Amino acid sequence: MTPSAAPRSAVAHSAPPAATSRAVIDLEAVAHNGRRLAQVAGVPWMAVVKADAYGHGLGPIAVTALSAGASWLGVAQLAEALTLRSLLDEAGVSRPTGEPSAQAPRVLTWLLPVMDPSRAAAEDSPLRAALAADLDLSVSTLPQLEALSAAARAQGRAARLHLKVDTGMSRGGAAPEELPALAAALRRAVDEGTVDVVGLWSHLSRADEPASGSTEEHLERYQQAEEVVRASGLNPAIRHLAATGGLLWHPQVRMDLVRAGIGLYGLSPDPSVATSAELGLRPAMRLESPLVQVKRIEAGQAVSYGGTWSAPTDRWVGLVPLGYSDGIPRAASSAGPVGVGSIMTSIVGRVCMDQAVVDLGPAVDETGASLPAPAQVGDIAVLWGAPEVADREAVPTADEWAQVCGTINYEIVTRLGARVPRCYVGSRGTGDYSRP
Ligand SMILES: *Cc1c(COP(=O)(O)O)cnc(C)c1O
């Protein structure tokens, strides 16, 4: 079955009661973003769905990305890749085996468990599970190659490998001085039939700085590595270097494949370079929570642990059942922006483990007359989402949250806790966005 014919269950519209906090994930926005990035890139693209698809939910995002044209899916950890393979099997997505099929997407994972060769060859070895799951794997070191070869021999099939080289980030990947020996060992393993070297790849450290010159240096080191690899008699067909920032801002590194993460979710790799809107992307996650209590407090009354914020006047405040255990950064204390209807307000006092208080405005006017509460229990507080200009609803962005918390939009959406239900709207490629 092709991805587009996947059963609806993989992208089911779940609708928890509106009385709980939830992340509404707009799959139509994800599909739109995928198509947009593909159009810019002009080469095949990988949907990066690590970390539960940056907090958006692995299964629905993977299936949506495939229907939007992704030919690859990428995750960091082997355990994530095995989970992904099961989800794809359940959704009826073909595997890249047997009959060669252009429809069958590939899955790449790039962090392997540390394992000696005898352990790697054992019946219950995760590396053998990886081979059985038809995964593409990354290799950076000789010990990894030894473990992979042992697993491949035991499993009776060649491991499909992407050789990762360090081109200046000094994170993973073979360093230039380690590369000749690794390439020679890979060549021997190819001759032995235990591995297939299909890819040569790396990752950019400063792609979000269009003018730093860093990306050109990465590219130069990549090209040097490629010469070493080809001189060893290896012929990796899939060369890839770019994540979203490289894809958008460094056309020269798009090569044979781009790995799109943050852009797929509608967020910019760096909003100071270009915002989502400027890039034609639509933020896919909307985090909302009902006010579970609304109360009046007196001028001078302190709010939450430590009493770090006190009401400047008699005040209406609302209680939101989300806290740092749900991924709301404690750094957002008295800072995180929140929309309640058309009111743009913020968290006041410290973010607690499970709850936070939002300011709803003054409870008295200048004459001292009482003002009614501007919001009621059950009204929805929106912490972040796609700003909607049309109906004048106040919607802060993940970018604004990142700014006030001293972090990046990636962290804001990815750290959203497992306790927050994800609710999917907008069927893949066709659905309308309708607010639940
Ligand atoms: C996370 C990751 C990506 C995706 O990066 P974005 O900036 O989110 O597009 C691509 N490649 C690797 C190796 C990654 O770890």
Side-chain angles (χ1 to χ4, degrees), residues 30 33-34 36-38 40-41 43-56 58 61-62 65 68 70-81 84 106-112 135-140 161-174 199-210 214-215 218 222 238-251 253-276 279-281 283-285 398-399 402 407-416:
V30 173
N33 297 330
R36 170 86 191 127
L37 294 168
V40 173
V43 297
W45 62 285
M46 171 189 294
V48 178
V49 292
K50 62 191 179 188
D52 200 28
Y54 291 41
H56 293 64
L58 179 59
I61 298 298
S71 41
W72 287 77
L73 295 167
V75 289
Q77 299 176 353
L78 178 50
E80 296 181 290
L84 175 58
R106 294 213 162 266
V107 174
L108 173 66
T109 176
W110 49 81
L111 289 176
L112 298 179
L135 303 176
D136 282 44
L137 306 167
S138 177
V139 61
S140 302
L161 302 184
H162 295 234
L163 170 55
K164 170 92 184 273
V165 290
D166 183 354
T167 51
M169 185 152 175
S170 310
R171 194 173 68 172
L200 177 66
W201 76 295
S202 187
H203 192 56
L204 303 171
S205 53
R206 299 174 68 182
D208 55 347
E209 300 169 48
S214 158
T215 296
H218 276 274
Y222 180 96
I238 310 159
R239 304 166 317 135
H240 51 115
L241 191 47
T244 305
L247 178 179
L248 290 170
W249 298 320
H250 303 276
V253 298
R254 289 174 191 152
M255 301 184 170
D256 304 311
L257 177 69
V258 291
R259 306 184 304 267
I262 199 72
L264 182 62
Y265 307 100
L267 300 174
S268 169
D270 187 340
S272 72
V273 176
T275 63
S276 298
L279 295 170
L281 301 173
M285 179 191 288
D399 296 340
T407 182
I408 53 176
N409 53 21
Y410 292 73
E411 186 179 359
I412 295 296
V413 292
T414 302
R415 65 183 289 163
L416 186 67

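Basis for what follows: all heavy atoms, side chains included, without hydrogens, waters or symmetry-related copies. Please read these numbers as outputs of a predicted model, since none were measured by experiment. Order of listing sets the numbers, starting from 1, for every ligand and every atom in it.
- Within 4.0 Å of ligand 1, the residues that place a heavy atom are V48, K50, Y54, W110, R171, W201, H203, A243, T244, R259, A260, G261, I262, Y410, listed by chain and number.
- With sequence neighbours excluded, the residues that form a salt bridge (charged side-chain N to carboxylate O under 4.0 Å, His left out) with R106 are D136.
- Counting heavy atoms from C-beta on, the side chains of L135 and L108 never come closer than 4.5 Å.
- The closest side-chain heavy-atom distance from S205 to H218 is below 4.5 Å.
- Under the 4.5 Å side-chain criterion, counting only non-hydrogen atoms from C-beta, L111 is not in contact with L78.
- Legend: salt bridge (charged side-chain N to carboxylate O under 4.0 Å, His left out) pairs involving residues 162-172, not counting sequence neighbours: none detected.
- For W201, the ring pair (Phe, Tyr, Trp, His ring centres under 6.0 Å) partners two or more places apart in sequence, or in a different chain, are W110, H240.
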